[in-house]
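Each chain gets a letter, A, B and so on, in the order its sequence line appears, and its residues count up from 1.
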There are 2 protein chains.
Amino acid sequence: MKKKLKLGVFGFGCVGQGLYHVLHETQGIKAEIKKVCVKTKNKARPVPDSFFTFDKNEILNDLDIDIVVELIDDANAAFEILKASLEKGKAVVTANKKMLAEHLEEIFNLQKKHGKPVLYEGSVCGSIPIIRNLEEYYDNDLIQSIEGIFNGSTNFILTKVFEENKNYTEALKQAQELGFAESDPSLDVKGYDPKFKLVIAIAHTFGVFVKPEDVINIGIDRISDLDLKFARENGYNIKLVARAFKSGDKIFGFVAPQFIDPTNALASVRNEYNAVQVQGAFAEKQVFIGKGAGSYPTGSAVLSDISALTYQYSYEYKKLEQAHGLTFSNELITEAFVSFDEGTPITGNDFEELQSGYASQGKQYMVGKVTLEKLLHWSKIEGVGIILAPKAAFIPLSNIQTRSLSVA
Amino acid sequence: MKKKLKLGVFGFGCVGQGLYHVLHETQGIKAEIKKVCVKTKNKARPVPDSFFTFDKNEILNDLDIDIVVELIDDANAAFEILKASLEKGKAVVTANKKMLAEHLEEIFNLQKKHGKPVLYEGSVCGSIPIIRNLEEYYDNDLIQSIEGIFNGSTNFILTKVFEENKNYTEALKQAQELGFAESDPSLDVKGYDPKFKLVIAIAHTFGVFVKPEDVINIGIDRISDLDLKFARENGYNIKLVARAFKSGDKIFGFVAPQFIDPTNALASVRNEYNAVQVQGAFAEKQVFIGKGAGSYPTGSAVLSDISALTYQYSYEYKKLEQAHGLTFSNELITEAFVSFDEGTPITGNDFEELQSGYASQGKQYMVGKVTLEKLLHWSKIEGVGIILAPKAAFIPLSNIQTRSLSVA
Ligand SMILES: NC(=O)c1ccc[n+]([C@@H]2O[C@H](COP(=O)([O-])OP(=O)(O)OC[C@H]3O[C@@H](n4cnc5c(N)ncnc54)[C@H](OP(=O)(O)O)[C@@H]3O)[C@@H](O)[C@H]2O)c1
Ligand SMILES: NC(=O)c1ccc[n+]([C@@H]2O[C@H](COP(=O)([O-])OP(=O)(O)OC[C@H]3O[C@@H](n4cnc5c(N)ncnc54)[C@H](OP(=O)(O)O)[C@@H]3O)[C@@H](O)[C@H]2O)c1
């Protein structure tokens, strides 16, 4: 226990440098970086060259290195690094939500096979210790739902759009400059990034592995100026909300923009802050708020995983044993506001229940109950904006007795 | 690990019955209640008599019982139970903040001496897993401050007073009926209960043991209708705020009512909800919100400690090793609004800096910078209301170079 753990780090960008700083400013942590592997040669680095390698094997084959800290922006390469590290008997800490979401079940099995832990608190909502709390604290509370703002950069963009009347492009540029947006902004604005986090959260909340491609994500990139105007006129904010909940033996989950009224706890979550709201049977509603992105907040989450490894911590995935027969489903009806250009093939008949509809300035608006499946389909059409109603109900299709699904 | 842990429970009131319910509704928890010790004979109980005993030794001397769960409302008796349990080699779970605050250092030493853990998540902010997060997750983030709403019943009262224009007595009565207020309401309304929690939090945040009698608590019971009117007219809420922070090698901490403006994260924390805001060097601001009192939320926190004992969890009190030379201090200046009856011996000269003062309807008001020591003194005078300014600065006396403290 007195020995300092040796770290081999992959990646020295936003998070890698954050970890470097946070680690050096923290006393008493029994870990030190031995080597950092990066990709681009001849790039100016803030620390001496001798610190770096471009050969991953220099870390993977170093018997002296106990923990591989994977902080690169390439999910495929990251998964190869993770596998090789476990095979070499090294524990892994990663913040790579894309890689985790795509391979979570396999990573669960690899941990068992090699007897080495993989920790990834930094991957879900940056500084918020949600995985650890789901694993440790909510072990015995029957969780009904988990939802919140899981993406710092879109929340930053939406905050600037609403509070400073910025347009979308300006706000996106600012988020990227500040390091809140992923290198590829479509991961954020199309809702992939929060979906990856939701997939990870679902495993630790409900004990169910779901593939990211089976989870519906609707982004904020199709929200038009007219939609924003509608929100402002009604006193709403818009937030990109990730949510998952249990109903019967089904788990539902998706990411979509939603109108948020001022009394909603999410309304006051601004800029790059994230929020996670857990609804349990006994503890009832609990909210965790913290920075969801950025160099030091994410670096500090990564460091707390490293620290946990100094006392042999590993996730137990206890919910997996408890998830008897739970399966993931998209068979859901919800309430949405849909805006589209005239001529788009969307009609009132597409809704389970049309609540209102009107046309203005060449745009059409419809509000009503509609299946997730339809929303997904529409979200792929140019010019269609989809925003969930402020207090949208979520009704499993199986609960609707009288629906004649087969009638085309 | 397959053996079910046997619990001996003391107390079957609000929390005890909450635990009973939560335990029976939770699958997969490897623990069961063997016996419950209560005090009052011939009291109607919701479960069969055979379940109960009135003799504490029936639990303490039962070799079959692994864990004593102490949930009584008598701090002195509770401490005797805790000591006897550890001596008999039993782990202890307790929600008794008064007992913990009064004996924390001794309890720390007793755990080391007997090699048995004492867990007490339920004692601080009910369902919010703050102790566990301070112990595990904030291990490596340098925490600057911890503050928040640490008392459910005063927050419930203040919410009703502001939102429903109830008077103080009505609101207190309602809180008691709903089981949010302690049997002795003065513990809540005079700020003792949040102070006890603050004392526990300070140990786990900064690694410093402080005696409750050394921490200043100013309650809400002296807040007058005129003070409330002032708050309403200025668009403020009032919250009873517990806070502790580090400045140099000093830890400051106290409980006092404060005006809260609508942009403050605490403004939206309503009814029996509590909030804990942790400011760290790297993770930056994080907020935890959840039910701070009540039968099931507290029962569920107690159950999560029991669950943690099934895998041999114990607090490591790591901050104690890191707290080199930190000491607790009350030598602080802050900004407060002070209202008092004409004739009360309070003058502008008592303030380090008087910002405003006026008189109306036989009451006097003064707003300005003043020492904590003076506030404490005034808080004991009948008719004096003290409320911290909405964005009050907190200035250690040692930072004030030019102050001539000795000039009377
Ligand atoms: N930014 C955030 O706030 C945040 C928050 C939570 C999680 N994350 C996750 O953390 C990870 C890193 O994000 P980031 O923002 O730090 O990315 P970044 O700033 O773009 O940095 C990426 C780093 O990875 C290195 N790299 C890329 N491919 C590599 C390879 N095959 N081998 C070795 N090094 C390689 C790059 O090397 P060069 O320096 O040579 O180009 C660079 O140092 C991502 O998975 C991201 O999703 C980020
Ligand atoms: N209520 C909350 O929301 C809350 C939240 C957090 C923490 N807590 C803490 O949890 C503890 C219990 O609170 P509570 O609200 O459940 O109290 P409560 O409703 O007043 O119940 C107290 C229980 O303790 C029993 N008792 C008292 N002295 C005893 C003794 N010497 N030996 C055996 N049993 C004894 C009583 O027995 P009888 O039934 O025979 O009278 C009663 O069952 C307190 O430390 C409190 O501060 C409470």
Side-chain angles (χ1 to χ4, degrees), chain A residues 18 21-23 25-29 31 121 126-129 132-133 136-142 262-265 267-270 273 275 277-278 280-291 294-301 303-304 306-308 310-311 313 316 318-319 321-322 324, chain B residues 18 21-23 25-29 31 121 126-129 132-133 136-142 262-265 267-270 273 275 277-278 280-291 294-301 303-304 306-308 310-311 313 316 318-319 321-322 324:
Chain A
H21 177 89
V22 167
L23 181 63
E25 292 293 315
T26 304
Q27 297 157 359
I29 168 103
E121 190 63 80
S127 71
I128 301 177
R132 209 77 75 80
N133 277 288
E136 301 306 313
Y137 191 72
Y138 288 104
D139 183 26
N140 293 301
D141 201 330
L142 314 169
T263 64
N264 190 316
S268 60
V269 179
R270 301 167 58 243
Y273 276 88
Q277 192 167 307
V278 178
F282 308 120
E284 301 187 39
K285 194 178 76 179
Q286 300 198 277
V287 190
F288 301 76
I289 300 169
K291 290 214 171 177
S295 186
Y296 293 179
T298 313
S300 116
L303 185 61
S304 93
I306 295 169
S307 166
T310 67
Y311 54 89
Y313 180 77
E316 288 191 53
K318 288 171 228 167
K319 308 280 191 327
E321 293 161 34
Q322 298 161 11
H324 310 292
Chain B
H21 178 89
V22 168
L23 181 64
E25 292 294 314
T26 305
Q27 296 157 359
I29 169 101
E121 190 62 80
S127 71
I128 301 177
R132 208 78 75 81
N133 277 286
E136 300 307 313
Y137 191 72
Y138 288 104
D139 185 25
N140 292 301
D141 200 330
L142 313 169
T263 65
N264 190 317
S268 59
V269 179
R270 300 167 59 244
Y273 277 88
Q277 191 167 308
V278 178
F282 308 119
E284 300 185 38
K285 196 178 74 179
Q286 300 199 277
V287 191
F288 300 77
I289 300 169
K291 290 216 170 174
S295 186
Y296 293 179
T298 312
S300 118
L303 186 62
S304 94
I306 295 169
S307 164
T310 67
Y311 55 89
Y313 180 75
E316 287 191 52
K318 288 171 227 166
K319 308 282 193 325
E321 293 161 33
Q322 299 161 11
H324 311 291

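Between chain A and the residues B:Ile306, B:Ile128, B:Asn133, the most heavy-atom pairs under 4.5 angstrom are made by B:Asn133. Contacts with chain B were tallied for A:Pro297, A:Gly126, A:Gly290; A:Pro297 has the most, counting heavy-atom pairs under 4.5 Å. For chain B, the option among A:Ser300, A:Ser268, A:Pro129 with the highest count of heavy-atom pairs below 4.5 Å is A:Pro129.
A parallel orientation is assigned to the rings of B:His21 and B:Tyr296, their planes being inclined by less than 30° (bins at 30° and 60°).
Taking NZ from A:Lys285 and OG from B:Ser127, the interatomic distance works out to 11.5 Å, rounded to the nearest 0.5 Å. Here OH of A:Tyr138 is found 14.0 Å from OG of B:Ser307. Values are rounded to the nearest 0.5 Å. With values rounded to the nearest 0.5 angstrom, B:Ile289 atom CD1 is found 4.0 Å from A:Ile289 atom CD1. B:Arg270 CZ to A:Thr263 OG1: the interatomic distance, rounded to the nearest 0.5 Å, is 8.5 Å.
Interface remark: B:Tyr273 contributes side-chain atoms only to the contact with chain A (heavy atom separation under 4.5 Å). Interface remark: B:Ala283 contributes backbone and side-chain atoms alike to the contact with chain A (heavy atom separation under 4.5 Å). B:Leu303 touches chain A through backbone and side chain together, each having a heavy atom under 4.5 Å away. With a threshold of 4.5 angstrom between heavy atoms, B:Glu25 approaches chain A through its backbone and through its side chain. Both the backbone and the side chain of B:Ala301 have a heavy atom closer than 4.5 Å to some heavy atom of chain A.
Side-chain atoms of B:Glu136 and A:Glu136, non-hydrogen and from C-beta on, never get closer than 4.5 Å to each other.
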